[in-house]
Trainee: 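Quick one: the structure is below, questions incoming.
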Amino acid sequence: MKERLQEIKEEALKQIQSSDDEKQLQDVRVYFLGKKGQITEVLKGMGKLSKEERPVIGQLANEVRDEITEALESKKTKLEQAAMERQLKEESIDVTLPGRPAQVGGPHLLRKVIRNIEDLFTGMGYQVAEGPEVETDFYNFESLNLPKNHPARDMQDSFFITEELLMRTQTSPVQARTLRKHEGKGPVKIICPGKVYRRDTDDATHSHQFTQIEGLYVDENVRMSDLKGTLNEFAKHLFGEERAIRLRPSFFPFTEPSVEMDISCKICGGEGCSVCKGSGWIEILGAGMVHPNVLEMAGFDSEKYSGFAFGMGPERIAMLKYGIEDIRHFYTNDVRFLKQFHGV
Ligand code: 2NL
């Protein structure tokens with residue numbers, strides 16, 4: 001029996017040594033130390049031993065059991081340490097690797113065009129004014145010489161919210177509100193950028209939501225020549241010193257007389273090409289002398305005061321300046337499109 005116990009011990013230690021996971025160790029434990037294990041098997045034969053031999057074998061069996069248990073424990077610890085080391089190695093971070101560059105954003109192209117125009121006009125003494133996008137029928141239409149049922153309202157299909165409220169179709173109501181705040185006293189010199197809404201079907205040149213910049217200068221003795229000089233400065237600032245402007249008669253309900261401004265075509269130098277449709281001129285904005293009715297409705301004496309106003313679409317300006325062929329590019333915000341203008 002002594003030899004058998006010795007054999008069990010050696011065999012167990014060998015198997016423990018060659019185990020390489022916890023499941024194998026558990027099997028070894030059951031096989032040698034379990035209820036039906038090898039040591040129990042040996043102890044069953046104790047009955048045949050003499051009184052003197054029994055405690056000796058018993059003690060030896062205990063020692064073998066303790067040694068195997070200890071070997072199992074220490075192997076288990078070793079396996080756990082190895083697993084931990086492997087995991088640490090796999091999950092380690094190499095802090096010497098180069099970092100990923102951060103994506104740097106920038107203002108949207110439309111924002112930049114609007115800012116550029118704001119900068120020019122604030123340099124000429126204008127102030128930037130803003131107002132609500134949900135507007136009353138009064139400020140959006142009536143105060144601008146567009147009474148209810150006036151046929152000129154058809155020029156701007158609108159999103160009405162109630163009988164009296166709508167999404168503004170132009171930024172002019174901001175100017176009408178600002179004029180009213182001045183309580184009949186000039187000068188008023190403002191530029192109004194912002195979003196406007198019209199019931200239009202979206203395509204390459206139309207959008208149901210777009211932006212506008214309007215300007216207004218009201219004071220004593222403001223004349224058409226002041227308008228022309230201001231617009232000339234604007235055209236040269238945005239499109240280049242070599243550009244010429246021309247004013248053509250037009251119609252707006254809120255100005256009289258009204259004009260449309262064209263700039264000379266840069267692409268063909270006035271010869272005529274596809275961009276200017278053969279005319280040598282490109283339409284940029286609408287303008288005119290503020291209609292006396294608009295001044296009176298805002299509380300200004302139209303005998304004493306006069307003024308000019310103009311309105312333009314920053315999308316159109318940007319499309320001409322940067323050769324953009326579809327207005328929808330401004331709103332879909334594909335970074336590949338936006339990125340092209342980070343430097344401008
Ligand atoms: C265009 C034409 C224009 C105005 C806007 C205006 C505002 C007041 C009084 C008089 Cl408060 N006029 N605004 C005047 C003429 C033209 O816009 O084609 N815009 C894109």
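Since the model is a prediction, treat every value here as computed from it, not as a measurement. Just the heavy atoms: all of them, side chains too, but no hydrogens, waters or symmetry mates, feed the values below. Counting starts at 1 for both ligands and their atoms, following the listed order.
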Trainee: Under 4.0 Å between a Lys/Arg side-chain N and an Asp/Glu carboxylate O for R328 and D326?
Mentor: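 Looking at D326 together with R328, the answer is yes, because their closest N to O distance falls below 4.0 Å.
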Trainee: Any chance you could measure I263, atom CD1, to M261, atom CE, to the nearest 0.5 Å?
Mentor: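 Between atom CD1 of I263 and atom CE of M261 there are 7.0 Å.
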Trainee: Can you list every pair where an N/O of ligand 1 is under 3.5 Å from an N/O on the protein?
Mentor:
residue	atom	partner	partner atom	Å
ligand 1	13 (N)	E214	OE1	2.7
ligand 1	19 (N)	G311	O	3.2

Trainee: Take N333 and H108 through the side-chain contact (heavy atoms from CB on, under 4.5 Å) test and state the conclusion after the steps.
Mentor: CA-CA 9 Å; N333 289 327; H108 191 284; 3.1 Å; yes
Trainee: Looking at R29 and E73, does any basic side-chain N land under 4.0 Å from a carboxylate oxygen?
Mentor: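 Result for this pair is yes, salt bridge flagged.
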Trainee: How long is the straight-line distance from CD of E296 back to CD of E303, given to the nearest 0.5 Å?
Mentor: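 The CD atom of E296 is 7.5 Å from CD of E303, to the nearest 0.5 Å.
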Trainee: Please give the remaining members of the hydrophobic cluster of F159, linking ILVMFWY side chains under 4.5 Å, ordered by chain and number.
Mentor: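 Under the 4.5 Å side-chain rule, F159 groups with V134, I161, L165, M167, Y197.
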